[in-house]
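As structure tokens, the structure follows; a few thoughts come after it.
One-based numbering, in listed order, for ligands and for the atoms of each. We count residues from 1, following the sequence as given.
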Amino acid sequence: MKKSNPYGYLTDRLSDLDQQQRLRSLIPRIARGTRIVEPDGTELVNFGGNDYLGFASEPVRKGHFDTLRGSGASALVCGWTAEHQRLAETIADFESTEAAVVFPSGFVACSGTTATLAEEGDLILSDRLNHASLIDGCRMSKAECMVYPHLSFEYVADVLRKKRQQYQRVWIVTDGVFSMDGHVAPLRELAQLAAEYNSQLIVDEAHGTGVLGANGTGVCEALGVKEQVAIRIGTLSKAIGGQGGFVAGPKVVIDYLINRCRTLIYSTSLAPASVLAALAAFELVRDEPGRRHHVCSLAQRLRGRLSIHVDETESGVPIIPILIGSDADAIKLSSQLRAKGFFVPAIRPPTVPEGTARLRVSLSAAHTEQMVDELADAIHGFLHSQN
Ligand SMILES: Cc1ncc(COP(=O)(O)O)c(C=O)c1O
């Protein structure tokens with residue numbers, strides 16, 4: 001029998017993507033602070049990372065260099081060190097929750113928590129533009145999942161009014177700040193609905209931690225709903241500048257995750273080096289509030305320069321999308337900016353919905369006002385020349 005190529009279908013799919021100009025590949029770049037160096041040596045100002053406070057490329061101080069490379073085991077076996085415990089306690093203290101637990105990544109913190117807490121007979125209400133990690137959590141859960149239109153607490157209210165009785169428990173899961181839009185979730189309204197309908201609100205603070213709120217704990221704090229949102233998920237990979245994820249909440253929830261959450265139990269715990277980097281970063285978040293004030297003011301400045309009008313909380317979010325529409329136009333603008341010395345990635349479907357390709361500008365406390373102004377001038381120039 002003639003052997004067929006078992007991967008021929010993958011070749012076909014990749015060439016389809018190529019034809020649609022959606023084939024992606026990994027490009028080895030060097031990112032250092034606000035600079036990014038391309039493989040051909042071109043140096044650009046980096047407006048594409050999530051290092052909101054500028055920690056990622058700073059060395060970890062306090063003599064933490066002799067730390068072990070890996071934890072060697074999952075948390076429940078013997079991969080949970082005194083430093084992991086200290087980090088979990090630091091996070092619980094930072095988040096003002098009874099307890100917290102550390103995950104190997106933010107992705108598995110989101111997916112595992114959603115999948116574990118929402119059971120058969122429950123309903124999950126999930127924002128249409130939630131991050132893939134929450135979406136995968138919904139897929140892995142045995143609960144029924146209903147996707148609601150982006151930000152529509154009215155839709156959530158309607159479902160709860162009509163259907164709350166049909167389910168054992170209802171979980172409302174949402175990103176606090178949406179990673180590709182910079183939108184802030186309507187947490188006050190959702191928290192009120194959760195309370196009214198005996199439901200639980202889970203917020204992914206991935207893009208809020210370290211940046212928003214008086215103490216930098218995130219969007220729940222900024223909107224004054226920290227007390228009402230009992231379960232908050234975060235990442236150590238964006239403003240915290242390292243790697244890893246966490247869940248903060250009531251002790252019983254954290255204990256349950258430790259006992260039942262598969263993405264926590266069956267994965268090697270976070271590397272000790274990342275644990276120590278995160279511990280040092282939480283100290284900086286507390287001791288250097290100027291960083292978050294600076295990045296928020298840069299975000300307001302850039303929005304002002306680009307005439308993007310949003311409410312006060314959203315104005316300080318360091319993610320600024322520039323909606324373009326077609327993939328080709330977004331790629332063109334990204335490469336025009338590259339030629340001017342700026343790295344601003346074009347984000348295309350499936351990361352964003354069809355027809356909403358965009359540039360995603362992300363800011364860091366390491367950027368200067370001058371860098372932001374130069375970027376704004378370049379964007380203006382190119383958008384203007386297209387009209
Ligand atoms: C909203 C959101 N949640 C979760 C994650 C996952 O975090 P991590 O990169 O730590 O796995 C991301 C990162 O891309 C994100 O943007």
Side-chain angles (χ1 to χ4, degrees), residues 24 26 31 48-53 55-56 84 87-88 91 95 100-116 124 126-140 147 150-151 172-185 187 190 201-212 217-220 222 229 231-248 257 261-264 267-271 273-275 277-278 281-282 314 317-321 345 347-348 350-353 358 360-364:
R24 307 191 210 187
L26 299 173
N50 298 310
D51 178 23
Y52 302 125
L53 297 180
F55 292 162
H84 286 83
L87 178 58
I91 291 170
E95 291 285 351
V101 66
V102 177
F103 281 70
S105 76
F107 195 105
V108 296
C110 287
S111 59
T113 301
T114 310
T116 306
I124 306 174
S126 171
D127 188 289
R128 190 171 79 86
L129 295 190
N130 272 346
H131 187 258
S133 54
L134 288 178
I135 296 174
D136 282 9
C138 295
R139 289 177 180 167
M140 292 191 302
V147 175
H150 184 46
L151 307 179
I172 305 167
V173 296
T174 181
D175 287 10
V177 172
F178 289 83
S179 56
M180 294 300 140
D181 299 84
H183 295 156
V184 167
L187 295 182
L190 291 176
L201 176 57
I202 300 181
V203 174
D204 173 9
E205 283 275 17
H207 297 275
T209 304
V211 180
L212 301 177
T217 67
V219 69
C220 291
V229 182
I231 304 170
R232 276 166 267 139
I233 309 176
T235 174
L236 305 172
S237 68
K238 304 199 189 302
I240 301 302
Q243 191 97 38
F246 65 84
V247 180
L257 291 174
C261 181
R262 294 166 68 85
T263 60
L264 177 65
S267 188
T268 299
S269 70
L270 190 63
S274 298
V275 172
F282 277 108
E314 206 163 301
V317 170
I319 302 168
I320 297 140
I347 310 288
R348 294 168 279 158
T351 306
V352 292
R358 65 197 67 181
R360 176 185 187 265
V361 179
S362 52
L363 299 171
S364 160

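- In summary, the side chains of His131 and Asp175 do not present any donor paired with an acceptor at a separation below 3.5 Å, with no hydrogens or angles considered.
- Looking only at side-chain heavy atoms (C-beta outward), Val184 and Phe178 stay at 4.5 Å or farther from each other.
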Sequence neighbours excluded and cut-off under 3.5 Å, please list the side-chain donor-acceptor pairs for residues 106-115, or say none.
residue, atom, partner, partner atom, Å
Ser111, OG, Phe107, O, 3.1
Thr113, OG1, Ala109, O, 2.6
Thr114, OG1, Cys110, O, 2.8

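- Using a 4.0 Å heavy-atom criterion, the residues that approach ligand 1 are Ser105, Gly106, Phe107, His131, Ser133, Asp175, Ser179, Asp204, Ala206, His207, Thr235, Ser237, Lys238, Gly244.
- Shown here are the side-chain hydrogen bond (donor to acceptor under 3.5 Å, both in side chains) partners of Thr351, two or more places apart in sequence or in another chain: Arg24.
- Contacts of Asn130 classified as side-chain hydrogen bond (donor to acceptor under 3.5 Å, both in side chains), with partners at least two apart in sequence or in another chain: Ser126.
- By the 6.0 Å contact criterion, CD on Glu314 is enclosed, its count of non-hydrogen atoms from other residues, nucleotides or ligands being greater than 12.
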